[in-house]
Novice: 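I have a structure here, written as structure tokens, and I will follow up with some questions on it.
Excluded from the calculations below are hydrogen atoms, water molecules and symmetry mates; all remaining heavy atoms, backbone and side chain alike, are included.
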Amino acid sequence: MEEMVMATLDLITASPHSSSSSSSSPTTDNNNNHPSSSSSSSSSLCLSSISTRRTDLSTDLRLGLSLSPSHYSTPSREQRSSFDWPPVKSTLRCTLVEKSQISLFVKVYMEGIPIGRKLNLLAHHNYHALVKALANMFRTTILCPDSHQLPLISGNNVHVLTYEDQEGDWMMVGDVPWEMFLTSVKKLKITRADRC
Amino acid sequence: MKKAAYSFPEEVLEHVFSFIVSDKDRSSISLVCKSWYEIERWCRRKVFVGNCYAVSPPILIKRFPELRSVTLKGKPHFADFNLVPEGWGGFACPWIRAMAGAYPWLEEIRLKRMVVSDESLEIIAKSFRNFKVLVLSSCEGFTTEGLAAIAANCRNLRELDLRESEVEDLSGRWLSDFPDSYTSLESLNISCLGNEVNLLALERLVSRCPNLKTLRLNRAVPLDRLPNLLRGAPQLAELGTGAYTSEMRPDVFSNLAEAFAGCKQLKTLSGFWDVLPSYLPAVYPICSQLISLNLSYATVQSPDLIKLVSLCEKLQKLWVLDYIEDDGLEVLAASCKDLRELRVFPSDPFGLEPNVALTEQGLVSVSEGCPKLQSVLYFCRQMSNAALNTIARNRPNLTRFRLCIIEPRSPDYLTLQPLDDGFGAIVEHCKDLRRLSLSGLLTDRVFEYIGTYGKKLEMLSVAFAGDSDLGLHHVLSGCDNLRKLEIRDCPFGDKALLANAAKLETMRSLWMSSCSVSFGACKVLGQKMPRLNVEVMDESGPPDSRPESSPVEKLYVYRTVAGPRLDMPGFVWTMDDDSALRIS
């Protein structure tokens, strides 16, 4: 039966109007599924909020990385966008993401002070908000990662923010996109600017 | 003169036709002869357009000049899961403008997955003097200003239902625009609104509309205001609560319980956002009268769900999160013998490990215990051929079976084999199956089963399945009643599509994304089949900037009498006779 069907298919495709057979190259970009950013309804706000799943975050296609999972093998969990699978409507998706989004508390130390603090990173939406909160908490000036100015006063009241990543390395905060930072940060340290 | 025994006067035929309501039957009548066609089209009052691009407003209006009720659907179903990019289409405006001119006596407009502007709502509000029903299901593009226009102008409005629409919520004031003299509301669904509505206005509206049967509130309506609302509408049949949480206070609880008990006709409950479990017992007194319960937002644990569900002996429809677990489904199977529809949604869809004890066993229990079960939507993390076989044999009366095993390409967890045989059993035993969604590890074989047995199948959804074009060919050549086919991430390509081109004209639509259909084949299909719109979607640039053999990102094919649409955004191209000219 199968042979007959295959033969029929071949016969039809041999006709003058048929096209050549399809290639096996995977599609180039799965990153099409941006939610509307114009409406202020709750579901679009939620879609731009962060899932706590670190593996999903690190491969979040919203970052503009064009991963092209071959669709002949299951894309690994890291590669698959959580935007369109599993097929759950956005209203439910939002409610569930909200529910799981409790906190991401990390330790924060300031150089010279032995007792550290703890801060919920998910309470802030970007680097600016984080720096502001820490500057308040530790009563110091922390250079914003965006600014390129070098401290004119080399005092001990100007600090920069650094973090320990999953591999144990100490890095400057601000180089990678915020969502990516959240997946790799383990600890924060406020170090003196003139040390970096 | 010989009088033909069968030439009745038109009025008599018209009267006879008025008893024939179903679209299919109406269609059949209109095909009998020219005079029947004419009579039928003048007395047709209700029309359902499953794809707004299959026909155009002028064509509709020309054929049916006296409509009172129009239903339109826009975007493809996969738009619900973010697969259709923003701006794709489904604009309601041209329809509404045209209908405003042609149908001054239009009473009902129902739109699904369409883009509706405030301007359109204003046109509706001002153009139809006897306007009664507005249902906007999964629509978007409008704000509360548009709603204000409806509230202020539609004196005879009976139903305003915004289910699952995305509304830009500018202010809750719009509700106050219903005049004090307005009392005809029967159904109100504002569950999708993000912000608070004017609660006093809501209370007054609810209490002055004696025929209000359906009230679905939004999350922002606090629980302590619910008793007042219920007391204002003791005749309610369907209620959607707002947030179901409050400080735990005995007086709030008893107030609520009393108010629920006073609603003797309440049959349907939904809402239940942010549930505080200690408030659930407030609904216990009415559980025995419930036929429909939607707990899809109720993030409470199994024991609380079990307690609730076990009291609902008349339940016919249950939507619940997988917090209910296998144990809870066993209780459901034992308590709710009238169950017709079950939907179990995943509480942690993106998690890597199962967070709840819900497996295939839960579904098996329900299939054993609930003899009337017809419709299933089930998300789980493991499945076996044996379980599917059991379910199929237990419930040959299934008409809708949608299974989503969360991890794509998951095999039978017991045998590590594909789930072909299990789904094969489903299509073989459930002879009236109309809708099927597949998941798990599947080869071409499952499609052979579907093509062989799925003779009544109307809608099929496929993801991450199949090995070759043969799979697609089996479905297109075997499923006689297929209307909608949606496929993503499957190795289906040109051969099967082109070999079954004629089949596509018998269907409403075909969606294929992340498959292996080449641009060249799309062009051929478009050229070969003038009554199909073959739309290629590609956000990375024009498809002809790549080789013809490159696969297209997304393909949407649908039959139409209206020709290619003119409102396509930049990332959609229609393949037709002129496509070669148009693209270059």
Side-chain angles (χ1 to χ4, degrees), chain A residues 1-2 5-6 8-10 12-13 17-45 47 51 53 55-56 66 69 71-75 77 80-93 95-97 99-100, chain B residues 80-83 85-86 140 164 166-169 192 194 219 273 296-297 299 345-352 379 404 406-409 461 463-464 469-470 473-474 489-491 493-496 498-499 514-518 520-521 523-524 527-528 537 539-540 547-551 553-554:
Chain A
M1 170 68 171
E2 260 187 40
V5 173
M6 282 313 293
T8 319
L9 284 176
D10 284 339
I12 293 163
T13 55
H17 290 296
S18 71
S19 73
S20 57
S21 60
S22 57
S23 80
S24 55
S25 60
T27 52
T28 50
D29 190 31
N30 269 349
N31 186 19
N32 312 318
N33 309 315
H34 289 270
S36 155
S37 49
S38 54
S39 108
S40 64
S41 67
S42 58
S43 55
S44 93
L45 270 175
L47 283 165
S51 155
R53 303 286 160 234
T55 46
D56 281 351
S66 65
H71 45 250
Y72 297 116
S73 61
T74 312
R77 282 210 179 96
R80 189 183 356 117
S81 162
S82 63
F83 239 54
D84 52 40
W85 186 269
V88 171
K89 288 189 191 176
S90 56
T91 40
L92 181 60
R93 192 181 278 258
T95 312
L96 298 175
V97 166
K99 190 78 185 168
S100 66
Chain B
D80 287 354
F81 314 124
N82 299 323
L83 281 166
E86 197 64 26
E140 51 163 349
E164 298 183 303
E166 260 188 52
V167 186
E168 199 179 332
D169 200 332
C192 61
R219 194 174 182 176
W273 285 281
S296 354
Y297 300 107
T299 49
F345 297 101
S347 55
D348 188 14
F350 315 117
L352 307 179
F379 282 82
C404 181
I406 291 177
E407 182 60 31
R409 299 200 181 90
S461 310
F464 304 105
D469 267 42
L470 208 49
H473 177 72
H474 283 308
D489 293 275
C490 296
D494 303 343
K495 280 204 183 107
L498 293 175
S514 304
C515 296
S516 318
V517 181
S518 72
K523 281 206 287 197
V524 169
Q527 282 155 12
K528 233 167 91 165
M537 259 178 265
E539 284 185 294
S540 54
E548 291 235 330
S549 55
S550 290
E553 220 169 72
K554 292 174 187 171

Novice: Answer yes or no: is there a side-chain heavy-atom contact under 4.5 Å between B:Phe345 and A:Leu96?
Specialist: no
Novice: Shortest non-hydrogen contact from B:Tyr297 to A:Thr95?
Specialist: CD2-OG1, 3.3 Å
Novice: Going by side-chain hydrogen bond (donor to acceptor under 3.5 Å, both in side chains), name the residues that satisfy it together with B:Ser347, two or more places apart in sequence or in a different chain.
Specialist: B:Asp322, B:Asn355
Novice: Got a second to check how far B:Phe81's CZ is from A:Arg93's CZ, nearest 0.5 Å?
Specialist: 9.0 Å
Novice: Specify the closest pair of heavy atoms between A:Leu92 and B:Ser296, including all atoms of both residues, with the distance to one decimal.
Specialist: CD1-O, 3.2 Å
Novice: If I compare all heavy atoms of A:Trp85 with all of B:Phe350, which pair ends up nearest, and what's the gap?
Specialist: O-CE2, 4.0 Å
Novice: With a 4.5 angstrom heavy-atom cut-off, could you sort out which part of B:Pro547 is near chain A: side chain, backbone, both or neither?
Specialist: neither
